[in-house]
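To find a chain, count down the sequence lines: A is the first, B the second, and so on, and within it residues start at 1.
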Amino acid sequence: MFDLKWIRENSEAFDEGLKRRGLGPLSAEVLKIDEERRSHLQALQDAQAERNNASKEIGKAKASGDEAAANAAIEKVAKIKSFIQSGEDTEREINERLTALLSSIPNLPHDDVPIGEDETQNELMRQVGGVPSFDFEPKEHFEIGEALGYLDFETAAKMSGSRFVLLSGPLARMERALAQFMLDLQTETHGYTEVSPPIMVKKNALYGTGQLPKFEEDLFKTTGDHYLIPTAEVPLTNIAADCIIDDDYLPRRYVAYSPCFRSEAGSAGRDTRGMIRQHQFMKVELVSITRPDQSDEELERMTSCAEEVLNRLGLAYQVLKLCTGDMGFGARRTFDIEVWLPGQDTYREISSCSVCGDFQARRMNGRYRVEGEKGTHFVHTLNGSGLAVGRTLVAVLENYQQADGSVVVPEVLRPYMNGLELIEPAKK
RNA sequence: GGAGAGGUGGCUGAGUGGUUGAAAGCGGCGGUCUUGAAAACCGUUGAGCGUUUACGCGUUCCGGGGGUUCGAAUCCCUCCCUCUCCGCCA
């Protein structure tokens, strides 16, 4: 959501930002409605002032028992009434148009975000860790997992259809181990506060983070009024909704382990094999609520918190700065972390860290106050995966696979897996 | 699922049609007192929008929306949310 006053005063910068996003200019349309609204408001408010004065007169006249004067004033006001009535209708209608337009406009990218149409134009920031070499042809994760007997798409499809998976035995355990390891790292080493949030939310929460009203088709909705969260970003960021936080409490850092639900409406045919793209997956999510002057630095920090998971797991990855065309709706700047998958012979997204500025804060009315100062300001919000657990499991399987089909358990996970060092095929 | 109660400013909480943007308390800010602090006392303290060089002026806001009325925090309708009791239950 944008500050109307800012658009009014920076209409060129606004259109320029939209252009960088690959969108046409909108300031003219916005300002036209704004203009309409303001000139209308002036007339309406004059009429209201007149009515209020007359009403006070009536009050006084009645109090002093002067019925004649009261009736005269009532008659006078009656004439303005219909104008005010229709004027209020018009105001409502204009406001609705304005909010509808404003709430569908994506956030503007930071100046340093490269301009581009799609993921091919993202900017490579760094590559970390050596890509492992194999003296055999590395398999994809689903081949490995299915051969082990602990990764079962068929059984999942039987009860849930496509894009679901059933993990069992040591792989189910590894999913839990990964989550535990990530949570411990983010809370104990990086200072995040662990949260166990609701995973069903109402639409105002989704409006706050920007999934609604534009992306309803990506969400699962219950038969009631709840939606299943597509990411814990939604409940975590909405902690700040309708709050006024003292500035010395900022930044606030939250981490949550939760399932995520996505309809994948626009992805038919993509990543149909394996567990890369599922309707349901587990993720450890990081969210920061900061002051405006802290948010850029916080994005760097958050990204490195996510990277540390991969460092400790010994997985190779690269960090990209997303170009304008590949960024999400609410983001001003996004870093994607892509992990190396030997089976696919490529890097795949495993985390996405974004700074949203005050875009979400405006939508959810999340503010902070500086001690001793008058008034409030909008907070800045950031979110990032730390990490997507399902895809991390994929990465471990592919990177730690051996020629005989067994999979070595990364050292940092062993304490979480009862000391298990090697995953071998299930005995039938 | 059945029956009730309620949503008021940063917080607690009065207010049931007429100078009420709203008592009181807490908190915040300023001051007096004090070597300093605390306590006490005095004063002050909402937000959005429009307009104005500015002081200011106007308007809207007592969960959201609609209605009644010359006039609504106060009456009516509706939606949302919270809570209590009973039943069921992880």
TODO: Would you indicate what A:Gln85 reaches in the nucleic acid, counting non-hydrogen atoms under 4.0 angstrom: base, sugar-phosphate, or nothing?
DONE: sugar-phosphate

Task: Partners passing ring-ring contact (aromatic ring centres under 6.0 Å, His included) against A:Phe2 (at least two apart in sequence or in another chain) - done: A:Phe14, A:Phe359

- [ ] Provide the distance between the two C1' atoms, one in B:G17 and one in B:C70, to the nearest whole Å.
- [x] 12 Å

Task: Under 3.5 Å on both distances, the Watson-Crick or G-U partner of B:A37 - done: none

- [ ] Summarise how protein sits on nucleotides 73-83 of chain B as a single string, 5' to 3': B when a protein heavy atom is under 4.0 Å from the base, S for sugar-phosphate-only contact, - for no contact.
- [x] --------S--

Open item on the list: In this structure, how many angstroms lie between the P atom of B:A47 and the CG atom of A:Asn365, rounded?
Closed with: 13 Å

TODO: Rounded to whole angstrom, note down the C1' distance from B:G63 over to B:C83.
DONE: 15 Å

TODO: For B:U20 versus B:G4, give the span between their P atoms, rounded off to a whole number of Å.
DONE: 37 Å

Open item on the list: Would you measure the distance from the P atom in B:A73 across to the matching atom in B:C62 and give it in whole Å?
Closed with: 6 Å

Task: Whole angstrom value for the distance that separates C1' of B:C11 from CG of A:Asp242 - done: 16 Å

Open item on the list: Please name the nucleotide paired to B:U68 by Watson-Crick or G-U wobble geometry with both distances under 3.5 Å, or report none.
Closed with: none

Task: Sidechain N-carboxylate O distance under 4.0 Å for A:Arg20, A:Glu16 - done: no

Task: Separation of B:U59 P from A:Asn95 CG (nearest whole Å) - done: 18 Å

Open item on the list: By the 4.0 Å heavy-atom rule, please label A:Ala54 as base, sugar-phosphate, or nothing.
Closed with: nothing

Task: Distance, P atom - from B:G9 to B:U74, rounded to whole angstrom - done: 15 Å

Task: For B:U59, the Watson-Crick or wobble partner whose two distances fall under 3.5 Å - done: B:G48

Open item on the list: If I take atom CG in residue A:Asn53 and atom C1' in nucleotide B:G18, what distance separates them, rounded to the nearest angstrom?
Closed with: 14 Å

Task: B:U12: pairing nucleotide in any strand, Watson-Crick or G-U under 3.5 angstrom - done: B:A24

Open item on the list: Tell me the interatomic distance from A:Arg51, atom CZ, to B:U19, atom P, rounded to whole angstroms.
Closed with: 14 Å

- [ ] Tell me what A:Asn204 touches on the nucleic acid: a base, only sugar-phosphate, or nothing, going by heavy atoms under 4.0 Å.
- [x] nothing

Open item on the list: Quick check on RNA chain B: between A:Ile244 and A:Ile74, whose nearest nucleotide comes earlier from the 5' end?
Closed with: A:Ile244

Task: Nucleotide-resolved protein contact map, nucleotides 48-55 of chain B, B/S/- at heavy-atom distance under 4.0 Å - done: -SSS----

Task: Parallel, tilted or perpendicular: ring planes of A:Tyr368 versus A:His377, cut at 30 and 60 degrees - done: tilted

TODO: Tell which nucleotide pairs with B:A3, taking only Watson-Crick or G-U wobble pairs whose two distances are both under 3.5 angstrom.
DONE: B:U84

Open item on the list: Just verifying a value: how many Å separate A:Glu285 CD and A:Ile229 CD1, rounded to the nearest 0.5 Å?
Closed with: 9.0 Å

Open item on the list: If I take atom CZ in residue A:Phe83 and atom C1' in nucleotide B:C70, what distance separates them, rounded to the nearest angstrom?
Closed with: 17 Å

- [ ] Verify whether one side chain among A:Glu233 and A:Gln360 offers a donor that lies under 3.5 Å from an acceptor in the other.
- [x] yes

Task: A:Tyr416 six-ring face occupied by A:Arg176 cation (under 6.0 Å, within 45°) - done: no

Task: Distance, P atom - from B:G64 to B:U8, rounded to whole angstrom - done: 10 Å

TODO: For A:Gln48 and B:A72, give me the distance from atom CD to atom C1', rounded to whole Å.
DONE: 14 Å

Task: P gap between B:A37 and B:G46, integer Å - done: 27 Å

- [ ] Please state the C1' separation for the pair B:G13 and B:G6 - nearest whole angstrom.
- [x] 14 Å

Task: Electrostatic pair A:Lys32-A:Glu36, nearest N-O below 4.0 angstrom - done: no

Open item on the list: When both hydrogen-bonding distances must be under 3.5 Å and the geometry is Watson-Crick or G-U wobble, what is B:G30 paired with, if anything?
Closed with: B:C42

Task: Side-chain N or O of A:Asn52 closer than 4.0 Å to phosphate OP1/OP2 of B:U59 - done: yes

Open item on the list: In this structure, how many angstroms lie between the C1' atom of B:A90 and the CE atom of A:Met200, rounded?
Closed with: 13 Å

Open item on the list: So for atom CD, which belongs to A:Glu154, do other residues, nucleotides or ligands contribute more than 12 heavy atoms lying within a distance under 6.0 Å?
Closed with: no

TODO: Mark yes when over 12 heavy atoms from residues, nucleotides or ligands other than A:Lys214 sit less than 6.0 Å from its NZ; otherwise mark no.
DONE: yes

- [ ] For A:Glu117, look at atom CD and say whether over 12 heavy atoms of other residues, nucleotides or ligands are found less than 6.0 Å away.
- [x] no

Open item on the list: Within the supplied structure, the quantity of interest is the number of heavy atoms (other residues, nucleotides, ligands) at a distance under 6.0 Å from A:Lys321 NZ; does it exceed 12?
Closed with: yes

